[in-house]
Undergrad: 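There's a structure below that I have some questions on.
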Amino acid sequence: MSSSFFAIVRRDMALAWSQGGSAALGLAFFLMAVTLTAFAIGPAPQTLARIAPGMLWLFALLASLLSLDRLFQADYEDGSLDDLALSPLPLGFVVTAKVLAHWLATLVPLVLVTPFLGILMNLPDKAYGMLVITLFVGTPALSLIGAIGAALTVAVRRGGALMALLVLPLYVPVLIFATGAVEAAAGFADPLPHLAMLGAVTLVSLAVAPLAAAAAIRLSLE
C-alpha cells in the first residue's frame with residue numbers, strides 16, 4: 001500500500017514540474033504578485049511592513065488556487081481517475097497522496113522563497129520566523145481544503161471559477177489565524193494562541209478533507 005501511495009506522490013510531483021505543469025505557474029504568480037505590490041505601494045516602509053503578513057499569505061493562497069483545478073481534472077479526462085478509484089489503495093489515501101504531492105510541488109517552494117520576498121515587503125525582522133512557521137503549518141490546509149473543491153468540480157467543464165467560489169470562504173480561518181500569529185510576533189505579543197488555532201484547522205482538514213473529496217469523486221465517476 002505504501003509503495004502505491006508514494007508512487008502517486010512521485011508521479012504527481014513530476015507532472016507538476018513537467019512542461020505545462022502548474023507548480024511553476026503558481027510560483028511565478030507568487031513572485032510577480034508580491035513584487036508588483038511592493039512597487040505599487042512605493043517607498044513607504046511603514047505601510048509595507050503593516051500589510052506584509054496579510055499580502056504574503058493572501059498571494060500564497062491565490063497561488064495555490066491556480067493549480068488546484070488540475071488536481072483531479074487531468075486524471076478524470078484521461079480516465080486514470082477510474083483506475084485509481086478501482087485500485088487496491090483506498091480512494092481516501094489516493095486523495096491524500098495527491099494532496100501531499102500538490103503541497104510538496106506547489107506550496108513548499110513558495111514557503112522557501114517567502115523570506116526573501118519578506119525583505120522586499122519590509123517585513124519586521126522579528127516576524128520572519130513566525131511567517132515561515134505559519135506557512136509550514138497552514139499551507140497543508142490550503143491543499144486539503146482545496147482538494148474538496150477540486151473533487152466537487154472535477155466533472156464540471158471549466159470549473160475553476162466555481163471551485164474558487166466554493167473554496168475561498170473555507171480559507172478564511174486559515175488566513176485569519178496565520179496573519180494573526182505573524183502580526184502578534186511582529187508586535188511582541190504572544191502568537192501561540194493563533195498558531196494553535198491554525199494547527200487545529202490543519203488537523204481537522206487532514207481528518208475530513210480526504211474522505212469528503214473521495215466521496216465527491218465517487219459521485220462524479222458514477
Side-chain angles (χ1 to χ4, degrees), residues 9 26-27 29-31 33-34 37-38 41 44-68 92 95-97 99-149 164 166-213:
V9 174
L27 182 60
F29 169 82
F30 186 59
L31 294 171
V34 175
T37 299
I41 300 299
Q46 292 183 340
T47 302
L48 280 173
R50 190 175 69 253
I51 68 172
M55 287 293 102
L56 290 168
W57 251 101
L58 178 61
F59 291 139
L61 184 155
L62 294 176
S64 76
L65 270 182
L66 287 177
S67 55
L68 279 172
V95 171
T96 305
V99 167
L100 177 60
H102 176 267
W103 182 70
L104 290 172
T106 304
L107 293 175
V108 169
L110 268 60
V111 176
L112 297 179
V113 302
T114 297
F116 301 100
L117 296 176
I119 299 173
L120 190 64
M121 294 290 289
N122 198 35
L123 186 72
D125 293 342
K126 46 189 174 295
Y128 277 84
M130 186 51 61
L131 176 64
V132 173
I133 292 172
T134 58
L135 285 167
F136 271 116
V137 173
T139 50
L142 300 183
S143 294
L144 288 162
I145 295 170
I148 300 175
L166 292 172
V167 166
L168 282 174
L170 301 177
Y171 280 169
V172 171
V174 178
L175 196 61
I176 290 174
F177 295 129
T179 55
V182 180
E183 289 172 355
F188 293 104
D190 184 7
L192 289 182
H194 299 282
L195 191 60
M197 292 302 296
L198 181 62
V201 172
T202 299
L203 290 176
V204 171
S205 301
L206 180 61
V208 174
L211 298 177

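Position 1 is the first residue of the sequence, and the numbers go up from there.
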Undergrad: How long is the span from the CG atom in Leu31 to the OG1 atom in Thr114, to the nearest 0.5 Å?
TA: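 Output value for this atom pair is 9.0 Å.
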Undergrad: If every non-hydrogen atom of His102 is compared with every non-hydrogen atom of Ser64, which pair is closest and at what distance?
TA: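 Closest approach of His102 to Ser64: NE2-O, 3.7 Å.
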Undergrad: Using a 4.5 Å cut-off on heavy atoms from C-beta on, say whether the side chain of Phe59 contacts that of Leu117.
TA: no
Undergrad: Hey, could you give me the CH2/CG distance between Trp103 and Leu142, rounded to the nearest 0.5 Å?
TA: 11.0 Å
Undergrad: Checking side-chain contact (heavy atoms from CB on, under 4.5 Å) for the pair Ile41/Met121: CA distance, chi angles, key distance, verdict?
TA: CA-CA 10 Å; Ile41 300 299; Met121 294 290 289; over 6 Å; no
Undergrad: So, taking the atom named CD1 in Ile148 and the one named OG in Ser205, what distance separates them when rounded to the nearest 0.5 Å?
TA: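 The OG atom of Ser205 is 7.0 Å from CD1 of Ile148, to the nearest 0.5 Å.
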Undergrad: Take atom CG of Asp190 as the centre, draw a 6.0 Å sphere, and report whether it contains more than 12 heavy atoms from other residues, nucleotides or ligands.
TA: yes
Undergrad: Can you measure from CG (Leu112) to CG (Leu107) and round to the nearest 0.5 angstrom?
TA: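 Leu112 atom CG to Leu107 atom CG measures 11.0 Å (nearest 0.5 Å).
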Undergrad: Check the pair Leu110 / Thr139 against side-chain contact (heavy atoms from CB on, under 4.5 Å), numbers first and verdict last.
TA: CA-CA 10 Å; Leu110 268 60; Thr139 50; over 6 Å; no
Undergrad: Kindly indicate, with the supporting measurements, whether the criterion side-chain contact (heavy atoms from CB on, under 4.5 Å) is fulfilled by Leu62 and Leu66.
TA: CA-CA 7 Å; Leu62 294 176; Leu66 287 177; over 6 Å; no
Undergrad: OG1/Thr96 to CG/Leu211 distance, rounded to the nearest 0.5 angstrom?
TA: 8.0 Å
Undergrad: Yes or no on side-chain contact (heavy atoms from CB on, under 4.5 Å) for Leu168 and Leu65, after CA distance, side-chain angles and deciding distance?
TA: CA-CA 9 Å; Leu168 282 174; Leu65 270 182; 3.5 Å; yes
Undergrad: Give me the atom names and distance for the closest heavy-atom approach of Val201 to Ala141.
TA: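 The pair with the smallest heavy-atom distance is CG1-CB, 4.5 Å.
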Undergrad: So Val182 and Pro191, do their side chains get closer than 4.5 Å, heavy atoms only?
TA: no
Undergrad: Out of curiosity, Asn122 CG to Arg50 CZ, how far, rounded to the nearest 0.5 Å?
TA: 12.0 Å
